[in-house]
Enquirer: 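Got a structure here, written out as C-alpha cells. Questions coming.
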Amino acid sequence: MNKDELRKYIREQKRHFTQLQLGEMSFSIMSSILTHPRVREADTILMYHSLPDEVNTHSTLDQLLAMGKKVLLPKVISDTEMTIHEYTGADSLQPSEPYGILEPTTPELSIINCLLSIAIVPGMAFDKQGHRLGRGKGYYDRFLSRIPNIYKIGVCFPFQLVDSVLSEKTDILMDEVIAGV
C-alpha cells in the first residue's frame with residue numbers, strides 16, 4: 001500500500017470503533033506510557049495534545065505534571081514547521097485558527113535548552129520496525145531530525161500497527177511503538 005492508501009485504510013478502520021472503545025484503548029496505551037521506565041526516569045517529556053481520532057493524551061498530560069515532569073507540546077506555526085511549548089495545565093491551551101485545535105499559549109522554547117530525552121509521538125500507522133506514517137506534512141520528521149538522540153515512542157491503536165509502512169530517507173524511525181491490546 002502506498003502512503004495515501006494506508007492513510008485511507010486507517011481512517012476506514014477508525015470508523016469501526018466508538019469513542020468509548022477508542023477511549024478504553026487509549027487508557028491501556030497511556031497506562032503503558034505512565035509506567036514505562038524511560039518515562040519514569042525522564043525530567044522533560046515531549047507529548048502531544050490528542051486530536052479526536054488519536055490515542056487520547058489529555059488526562060495523561062496532567063498525570064505527568066502531577067509526577068513532577070516538565071511536559072512539552074508541539075505547536076504548528078507554518079505549513080512546514082512546529083515549535084515546542086511548556087504545558088502547564090488545560091488553561092495553557094487555546095483553540096487555534098482555523099480548525100479549533102487546542103494548542104499551547106506559553107512561550108516557545110528552544111529545543112537545545114530543554115534537555116529532552118523522550119518523545120511520545122502520534123501517527124496514522126506504524127510498523128514493528130519503527131517506521132511511522134504521519135498525516136503527510138512531515139512536521140514530526142523535520143522536528144525530530146533536530147534532536148537525533150531523543151528516545152522516540154510511537155503510540156497508536158492496535159489496528160494502526162501494520163506489517164509495513166513505506167519509508168523515505170527523511171522519515172524518522174521510532175525506537176519503540178506501543179499499540180495497546
Side-chain angles (χ1 to χ4, degrees), residues 10 14 22-76 81-90 92-93 101-104 106 108-111 113-135 137-162 165 167 171-181:
I10 294 298
K14 286 180 182 182
L22 294 176
E24 289 171 354
M25 285 188 272
S26 292
F27 180 80
S28 169
I29 295 162
M30 286 295 110
S31 293
S32 295
I33 291 295
L34 288 169
T35 58
H36 194 286
R38 288 187 181 260
V39 171
R40 289 190 137 339
E41 293 170 10
D43 293 322
T44 305
I45 299 168
L46 176 65
M47 283 283 290
Y48 66 98
H49 189 271
S50 55
L51 298 172
D53 68 337
E54 294 175 327
V55 173
N56 190 308
T57 61
H58 300 181
S59 65
T60 304
L61 295 170
D62 294 322
Q63 289 172 294
L64 289 168
L65 287 181
M67 292 167 64
K69 309 293 182 185
K70 183 175 186 175
V71 179
L72 306 181
L73 297 178
K75 180 178 183 176
V76 172
E81 191 177 9
M82 66 184 199
T83 54
I84 55 171
H85 304 258
E86 186 170 0
Y87 173 79
T88 58
S92 68
L93 300 172
I101 297 168
L102 290 177
E103 292 186 329
T106 54
E108 178 184 348
L109 300 173
S110 164
I111 59 172
N113 297 328
C114 286
L115 302 175
L116 276 168
S117 59
I118 191 164
I120 311 302
V121 182
M124 289 293 291
F126 296 88
D127 65 23
K128 291 178 180 164
Q129 293 74 44
H131 298 105
R132 174 185 170 272
L133 176 68
R135 293 185 182 264
K137 298 269 188 166
Y139 292 113
Y140 275 96
D141 292 318
R142 277 188 293 281
F143 183 80
L144 293 171
S145 71
R146 296 169 49 203
I147 41 177
N149 295 328
I150 194 168
Y151 191 83
K152 298 162 289 298
I153 300 176
V155 292
C156 64
F157 297 115
F159 58 85
Q160 292 175 284
L161 187 60
V162 298
V165 171
S167 64
D171 291 341
I172 301 296
L173 276 176
M174 299 293 105
D175 296 295
E176 182 177 348
V177 177
I178 295 177
V181 287

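Computation of the quantities below employed the complete heavy-atom set of this structure, encompassing side-chain atoms and omitting hydrogens, waters and symmetry-equivalent molecules. These figures come from a predicted structure and were not determined experimentally.
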Enquirer: Can you tell me how far apart CD1 (I120) and CD (E176) are? Round to the nearest 0.5 Å.
Expert: 8.5 Å
Enquirer: Roughly how far, to the nearest 0.5 Å, is the CE atom of M124 from the CD1 atom of I10?
Expert: 6.5 Å
Enquirer: Do side-chain atoms of S50 reach the backbone of T57 as a donor and acceptor pair under 3.5 angstrom?
Expert: yes
Enquirer: Quick one, P74 and Y140 - any side-chain contact, counting heavy atoms below 4.5 Å?
Expert: yes
Enquirer: Which value, rounded to the nearest 0.5 Å, describes the distance between I29 atom CD1 and L34 atom CG?
Expert: 12.5 Å
Enquirer: Closest approach of H85 and L109, non-hydrogen atoms and distance?
Expert: C-CD1, 4.2 Å
Enquirer: Measuring from E86:CD to K70:NZ, what's the distance to the nearest 0.5 Å?
Expert: 4.5 Å
Enquirer: Considering all heavy atoms of both residues, which atom of G123 and which atom of Q160 are nearest to each other, and what is their separation?
Expert: O-NE2, 3.1 Å
Enquirer: Only one of L133, L144, D141, V165 passes side chain to side chain contact (heavy atoms under 4.5 Å, CB included) with D171; say which it is.
Expert: D141
Enquirer: Say you draw a straight line from CE of M174 to SG of C156; how long is it, rounded to the nearest 0.5 Å?
Expert: 11.0 Å
Enquirer: Looking at R38 and K152, would you say the former's side chain and the latter's main chain have a donor-acceptor pair under 3.5 Å?
Expert: no
Enquirer: On the 0 to 90° scale, with breaks at 30° and 60°, tag the H58-H49 ring pair as parallel, tilted or perpendicular.
Expert: parallel
Enquirer: NE2/H131 to CD1/I172 distance, rounded to the nearest 0.5 angstrom?
Expert: 11.0 Å
Enquirer: Counting only heavy atoms not in F159, do more than 12 sit closer than 6.0 Å to its CZ atom?
Expert: yes
Enquirer: So which atom in V155 and which in F126 form the shortest heavy-atom distance, rounded to 0.1 Å?
Expert: O-CE1, 3.4 Å
Enquirer: Please determine which of L61, T60, L64 meets the side chain to side chain contact (heavy atoms under 4.5 Å, CB included) test together with I45.
Expert: L64
Enquirer: Could you report the tightest heavy-atom contact between I118 and T44, atom names first, then the distance?
Expert: CG2-O, 4.0 Å
Enquirer: The test is side chain to side chain contact (heavy atoms under 4.5 Å, CB included); show your working for H36 and I178 and say whether it passes.
Expert: CA-CA 10 Å; H36 194 286; I178 295 177; 4.1 Å; yes
Enquirer: Are any non-hydrogen side-chain atoms of T106 and Y87 less than 4.5 angstrom apart?
Expert: no
Enquirer: State, to 0.1 Å, how close R132 and P122 come at their nearest heavy-atom pair, and which atoms those are.
Expert: NE-O, 2.7 Å
Enquirer: Is there side-chain contact between V55 and F157, with heavy atoms separated by less than 4.5 Å?
Expert: yes
Enquirer: Would the distance check show the side chain of K69 and the main-chain N or O of R40 forming a donor-acceptor pair, the cut-off being under 3.5 Å?
Expert: yes
Enquirer: Do E103 and L73 come within less than 4.5 Å of each other through their side chains, counting heavy atoms only?
Expert: no
Enquirer: So E54 and R135, do their side chains get closer than 4.5 Å, heavy atoms only?
Expert: yes
Enquirer: Can you find a heavy atom in the side chain of L46 that is under 4.5 Å from one in the side chain of I84?
Expert: yes
Enquirer: Please report the closest heavy-atom contact between I150 and D175, naming both atoms and the distance.
Expert: O-OD2, 3.5 Å
